[in-house]
Engineer: 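One structure follows; several queries about it will come next.
Sequence positions, counted from 1, serve as the residue numbers for this chain.
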Amino acid sequence: MTGLKIHQDKCVGCGLCVKTCAADALAIQNKKAVVNEACFLCGMCLDSCPFKAISIEKQAAPKEDLSAYHGIWIYAEQQQGKILQVAYELLGKGQELAKQKGCKLTALLFGNDVANEAQSLIAYGADEVLLCEHPLLDTQIGENYIDLFDQLIQERKPEILLFGATGFGRSIAPRIAARRQTGLTADCTILEIDPVKGLLNQTRPAFGGNLMATIICPNHRPQMATVRPGIMQVQPCDVTHTGEIIRVDYPDQDASKTASIELLEQVIAAHVNTIVDADIIISAGKGIGSQKNMELVKRLAELMGGVVGVSRPLVDIGWSEYQNQVGQTGSTVSPKLLITFGISGAIQHLAGIGGAKTIIAVNTDPEAPIFSVAHYKVVADCVEILKHMIANLEALPENGLLIEESKDKLS
């Protein structure tokens, strides 16, 4: 039986465990410790007891034949009938992992009237698409998806299941993992197959981005992870790639469960050009010197038809909003052109810009780590370079047309 156990023959009623417990789950009665329902099995009392009178008993999960699990699945999230970009990014990484494992790559497409999107998933690398259409899947109400995922996992047994770390992906993935009693690594930035053990190495930032933690799930299946949008590369579309579209049935729902949830209103936010989907990013770090110089960064971004990005220190000191932060603890970006001013290039920042096609870095320090990934390096005062670039662009006639032509060349 699972729970905290007090060994009465060892307990002397000293009360040290009571003082340690932050949940008020322990008390002394008749000179012995007793536990109540507030206990959440944190284990702190075990270390506090010098008499080893406390233990946690956990019911062992039934052992399962892990060799029965095969294949890599990615959830192709869609909104209003259109597949999100992160789904194609997952397919790109999925192709690489499936090749290493020698298995099929499967995309899961759930919604209402979304069958016309299935073929695009095959063109971007899926070997098969599990398609489920049902009115209850028309909106992103997690309760309407969990049973479907659970049923398909039980029936088809995938070895790996990947989600985009979107709001909806982060909502349903933990519930699916809990239902299947398996692990989940959230917000991954690197996924690799261990060449020896064949396990999925799931790497994510830890301790505020100061460390990278690689997590494995050796004893349960499927191995599950959510992946940050913008971190993986979309592979070229191949219309000659063939695959199978398999329709699956929506599971019978408990009427009381569906009746208890009612969508009152759905508000779709207006699309804005963010650093995640921008083609051109003008990014600044502490090297710009003062907050007033952020106006120069904004002006250059405006002239070039791009958006403003910043390193974490500028967000921490209040010079910019978090939504503009580039890096592992902000947004991972993959623009066609990234120009950085006064960014030294901490490891967390470099990991967040790896997808950029062209990087131009401006810094006074010739040994700045940012130069190790930059395609073009400028050792100079970043404020002076900003001013020169702005002046030159403003002096050009019809610079807007020139910028559009530059974007085409970047493509």
Engineer: My understanding is that only residues two or more places apart in sequence, or in another chain, count here; which of them pass side-chain hydrogen bond (donor to acceptor under 3.5 Å, both in side chains) with Q95?
Structural biologist: none
Engineer: Quick one: side-chain contact (heavy atoms from CB on, under 4.5 Å) partners of I216, sequence neighbours excluded?
Structural biologist: L199, N201, P218
Engineer: Of all residues at least two apart in sequence or in a different chain, which pass the side-chain hydrogen bond (donor to acceptor under 3.5 Å, both in side chains) check with S344?
Structural biologist: none
Engineer: Does anything in residues 23-43 pair up under salt bridge (charged side-chain N to carboxylate O under 4.0 Å, His left out), and if so which pairs, sequence neighbours excluded?
Structural biologist: none
Engineer: Apply side-chain contact (heavy atoms from CB on, under 4.5 Å) to A165 and list each qualifying residue two or more places apart in sequence or on a separate chain.
Structural biologist: R170, D187, T226, P229
Engineer: Can you tell me which residue pairs pass the salt bridge (charged side-chain N to carboxylate O under 4.0 Å, His left out) test with a partner in residues 323-334, sequence neighbours excluded?
Structural biologist: none
Engineer: Partners of T332 by side-chain hydrogen bond (donor to acceptor under 3.5 Å, both in side chains), sequence neighbours excluded?
Structural biologist: none
Engineer: Hey, could you give me each pair passing ring pair (Phe, Tyr, Trp, His ring centres under 6.0 Å) that has a residue in residues 167-198? Not counting sequence neighbours.
Structural biologist: Y145-F168
Engineer: According to the ring pair (Phe, Tyr, Trp, His ring centres under 6.0 Å) rule, which pairs have a member within residues 34-54, sequence neighbours left out?
Structural biologist: none
Engineer: Under 6.0 Å between ring centres, would you say that holds for F371 and Y376?
Structural biologist: no
Engineer: Could you label the plane-to-plane angle of the F149 and Y75 rings as parallel, tilted or perpendicular, counting under 30° as parallel and over 60° as perpendicular?
Structural biologist: perpendicular
Engineer: Any donor-acceptor pair under 3.5 Å linking the side-chain atoms of T182 with those of Q223?
Structural biologist: no
Engineer: Would you call E143 and R175 a side-chain contact if the rule is heavy atoms closer than 4.5 Å?
Structural biologist: yes
Engineer: Under 3.5 Å, side-chain donor or acceptor atoms of residues 114-122 against the rest of the protein: list the pairs with distances, not counting sequence neighbours.
Structural biologist:
| residue | atom | partner | partner atom | Å |
| --- | --- | --- | --- | --- |
| S120 | OG | Y88 | OH | 2.9 |
| S120 | OG | E117 | O | 2.8 |

Engineer: Anything under 3.5 Å between a donor and an acceptor, one on a side chain of residues 287-301, the other on a protein residue two or more places apart or in another chain? List them.
Structural biologist:
| residue | atom | partner | partner atom | Å |
| --- | --- | --- | --- | --- |
| S290 | OG | N293 | ND2 | 3.4 |
| N293 | ND2 | I288 | O | 2.5 |
| R299 | NE | E394 | OE2 | 2.9 |
| R299 | NH1 | E302 | OE1 | 3.3 |
| R299 | NH1 | E302 | OE2 | 3.2 |
| R299 | NH2 | E394 | OE2 | 3.0 |

Engineer: Residues in salt bridge (Lys or Arg N to Asp or Glu O under 4.0 Å) with R156, at least two apart?
Structural biologist: none
